[in-house]
*Asks:* 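Structure in structure tokens, see below.
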There are 2 protein chains.
Amino acid sequence: MTEAVRRQTRQQAAVLAALDAAAEFVSAQQLHSRLRDQGASVGLATVYRTLTALAAQDEVDVLRTDDGEAVYRRCASDEHHHHLVCRVCGRAVEVDGPAVEDWAARVSAAHGFRDVRHTLEIFGTCDRC
Amino acid sequence: MTEAVRRQTRQQAAVLAALDAAAEFVSAQQLHSRLRDQGASVGLATVYRTLTALAAQDEVDVLRTDDGEAVYRRCASDEHHHHLVCRVCGRAVEVDGPAVEDWAARVSAAHGFRDVRHTLEIFGTCDRC
DNA sequence: CGCCTAATTGACAATGATTCTCATTTCCGT
DNA sequence: ACGGAAATGAGAATCATTGTCAATTAGGCG
Ligand SMILES: [Mn+2]
Ligand SMILES: [Mn+2]
Ligand SMILES: [Zn+2]
Ligand SMILES: [Zn+2]
């Protein structure tokens, strides 16, 4: 598998900047309109493509809202971790749990599952809401 | 809030039966075509409505595939639990982890989150695949 | 039993997120 | 500057899911 050759474009930089400016998980559509509002207009397809590429490189985290929409966030930690997400304001707290990782590995092995990956998110109402 | 008055219809019975016959997580569309194949044809909208209702009553579990599609499963356990899902054949194993539940409760409380709920699924390749 | 009526159904349209197309523009190594 | 590959974007296409609404049906009541 050959390495992806990636160019430096103002559009991708703008998407990254917009992501960095957001504390919450945001959708591609939201990012697109925020970019449009602040003048740095970027095509919707490009926003989708950039987010997909960033997610593939683990530069951003992705999760699905209850209605299946994909939302993205640039996390402070680049290690594997999970989130505490406020379902009112969208604020996210990064958390990790070694005990959970162990448990997942153990139960996967016990049932003969290979190439495992897991998703774990906690949704609730944060103390500011 | 008034209690929902629910009638007994062949359509809903058929959806439930089709769910019981499936060992894997299936989408509304899949159930719809399976029902059609086996003769017990049920309208697509009705399949969606029935699945939504069943999920609301916790009669079925729902999760989202990587591409955001909702898939449903009638689980043996009616207790809170999680799944080991084969991303090749779709087979699911029900698992639970008290340690995980404790961790989720602890980390939620530590950050002042209320009314918390969590999602946790493990995806991998099962030993038969 | 038949009746009545509200719940349910289903064909079809509408919605909305995501992906595809493809002509045009933009990097970037030479 | 040049050339070609990569990236972009406007719009069309896809596709799961939801809404509409007229026709059907479950089930309580007389
Ligand atoms: Mn983990
Ligand atoms: Mn749990
Ligand atoms: Zn909040
Ligand atoms: Zn399998």
Side-chain angles (χ1 to χ4, degrees), chain A residues 1-19 22 24-57 59-73 90, chain B residues 1-19 22 24-57 59-73 90:
Chain A
M1 180 198 289
T2 57
E3 256 311 297
V5 182
R6 188 146 296 273
R7 289 183 180 172
Q8 185 71 15
T9 67
R10 78 159 177 80
Q11 287 88 343
Q12 296 187 18
V15 170
L16 251 192
L19 271 176
E24 357 76 57
F25 277 88
V26 291
S27 69
Q29 308 270 355
Q30 287 176 309
L31 228 41
H32 177 247
S33 69
R34 288 187 191 184
L35 286 166
R36 162 153 304 173
D37 289 347
Q38 70 185 52
S41 184
V42 176
L44 179 58
T46 299
V47 173
Y48 273 104
R49 281 187 288 241
T50 303
L51 288 174
T52 301
L54 288 173
Q57 307 167 209
E59 289 293 313
V60 299
D61 284 358
V62 198
L63 58 87
R64 300 265 171 188
T65 61
D66 283 332
D67 54 317
E69 196 178 5
V71 285
Y72 304 82
R73 182 173 190 270
Chain B
M1 179 201 292
T2 57
E3 256 312 297
V5 183
R6 189 147 294 275
R7 289 181 179 175
Q8 184 73 13
T9 67
R10 77 161 178 79
Q11 286 89 342
Q12 296 186 18
V15 170
L16 250 193
L19 271 176
E24 357 77 58
F25 276 89
V26 291
S27 69
Q29 307 271 355
Q30 287 176 309
L31 269 179
H32 177 246
S33 70
R34 288 186 192 186
L35 286 167
R36 160 153 305 173
D37 290 347
Q38 71 184 52
S41 185
V42 176
L44 179 58
T46 298
V47 173
Y48 273 103
R49 281 186 290 242
T50 302
L51 288 174
T52 301
L54 288 174
Q57 308 167 210
E59 288 293 313
V60 299
D61 285 359
V62 199
L63 58 86
R64 300 266 172 188
T65 61
D66 284 332
D67 54 317
E69 194 179 6
V71 285
Y72 304 82
R73 183 172 190 272

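Below, chains carry the letters A, B, ... as their sequence lines are ordered, and counting in each starts from 1.
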*Asks:* Please state how far atom CZ in A:Arg10 lies from atom P in C:dC27, giving the value in whole angstrom units.
*Replies:*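 Answer to the nearest Å: 9 Å.
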*Asks:* Write down the distance between NE2 (A:His32) and P (C:dA17), rounded to a whole number of angstrom.
*Replies:*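 Rounding to the nearest Å, NE2 of A:His32 and P of C:dA17 are 12 Å apart.
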*Asks:* Using whole Å, report how far CG of B:Leu44 lies from P of C:dA13.
*Replies:*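 Whole-Å distance recorded here is 14 Å.
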*Asks:* Are any non-hydrogen side-chain atoms of A:Leu51 and A:Leu19 less than 4.5 angstrom apart?
*Replies:*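 Yes, close enough: below the 4.5 Å cut-off.
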*Asks:* C:dC28, OP1 or OP2 - any side-chain N/O from A:Arg6 closer than 4.0 Å?
*Replies:*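 Checking C:dC28 against A:Arg6, no side-chain N or O comes under 4.0 Å of OP1 or OP2.
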*Asks:* Which nucleotide in the list D:dT25, D:dT17, C:dG10 gets nearest to the side chain of B:Arg7?
*Replies:*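 Out of D:dT25, D:dT17, C:dG10, the nucleotide with an atom closest to B:Arg7's side chain is D:dT25.
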*Asks:* With the side chain counted from C-beta on, respond yes when B:Arg34 and B:Asp37 share a heavy-atom pair under 4.5 Å apart, and no when they do not.
*Replies:*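 Side-chain contact under 4.5 Å: no.
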*Asks:* Where the side chain of B:Ala45 is defined as all heavy atoms beyond and including C-beta, which of C:dA11, D:dG9, C:dT26 is the nearest nucleotide?
*Replies:*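 For the B:Ala45 side chain, the nearest candidate turns out to be C:dA11.
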*Asks:* Rounding to an integer number of Å, can you tell me how far B:Leu51 CG sits from D:dT17 C1'?
*Replies:*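 B:Leu51 atom CG is separated from D:dT17 atom C1' by 12 Å.
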*Asks:* Would you say the side chains of A:Gln30 and A:Tyr72 form a donor-acceptor pair under 3.5 Å?
*Replies:*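 On atom types as modelled, these side chains do not qualify, holding no pair under 3.5 Å.
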*Asks:* Measuring from the side chain of B:Gln11 (C-beta onward, heavy atoms only), which nucleotide among D:dT8, C:dT9, D:dT17 has the closest atom?
*Replies:*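 My answer, after comparing the listed nucleotides, is C:dT9.
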*Asks:* Rounded off to whole Å, could you give me the OH-to-C1' distance for the B:Tyr48 and D:dG19 pair?
*Replies:*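 The distance from OH of B:Tyr48 to C1' of D:dG19 comes to 14 Å, rounded to the nearest Å.
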*Asks:* Going by heavy atoms in the side chains, are A:Gln12 and A:Arg7 under 4.5 Å from each other?
*Replies:*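 The answer is no; the side chains never approach within 4.5 Å.
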*Asks:* Using heavy-atom distances to pick each residue's nearest nucleotide on DNA chain D, tell me which of B:Ala28 and B:Gln8 is more 5'.
*Replies:*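 Upstream on the strand: B:Ala28.
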*Asks:* So, does B:His32 use its side chain to make a donor-acceptor pair with the main chain of B:Val42 at under 3.5 Å?
*Replies:*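 Looks like yes, one N/O pair under 3.5 Å.
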*Asks:* Does the D:dG9 base have a donor-acceptor partner in the side chain of A:Arg49 within less than 3.5 Å?
*Replies:*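 Per atom types, the contact qualifies.
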*Asks:* Given atom CG of B:Leu31 and atom C1' of D:dA16, what is their separation to the nearest angstrom?
*Replies:*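 Spelled out: CG on B:Leu31 to C1' on D:dA16 is 14 Å.
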*Asks:* If only side-chain N and O atoms of B:Gln12 are considered, is one of them under 4.0 Å from the OP1 or OP2 phosphate oxygen of C:dT9?
*Replies:*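 Answer is yes, contact under 4.0 Å.
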*Asks:* Quick one: label B:Gln29 by what it contacts on the DNA or RNA (base, sugar-phosphate, nothing), any heavy atom closer than 4.0 Å.
*Replies:*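 Counting heavy atoms under 4.0 Å across all strands, the contact made by B:Gln29 includes a base.
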*Asks:* Give a yes/no on whether any side-chain N or O of A:Arg64 is located under 4.0 angstrom from OP1 or OP2 of C:dA17.
*Replies:*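 No, because none of the side-chain N or O atoms of A:Arg64 sits under 4.0 Å from OP1 or OP2 of C:dA17.
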*Asks:* Phosphate oxygens OP1/OP2 of C:dT9: is one of them under 4.0 Å from a side-chain N or O of B:Thr9?
*Replies:*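 True: B:Thr9 side-chain N/O within range (under 4.0 Å) of C:dT9 OP1/OP2.
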*Asks:* Starting from C1' on C:dG16, measure out to CD on A:Gln30 and report it in whole angstrom.
*Replies:*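 Rounded to whole Å, this separation is 14 Å.
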*Asks:* Starting at atom CG of A:Leu35, determine the distance to atom P of D:dT8, rounded to an integer number of angstrom.
*Replies:*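 Roughly 12 Å, once rounded to whole Å.
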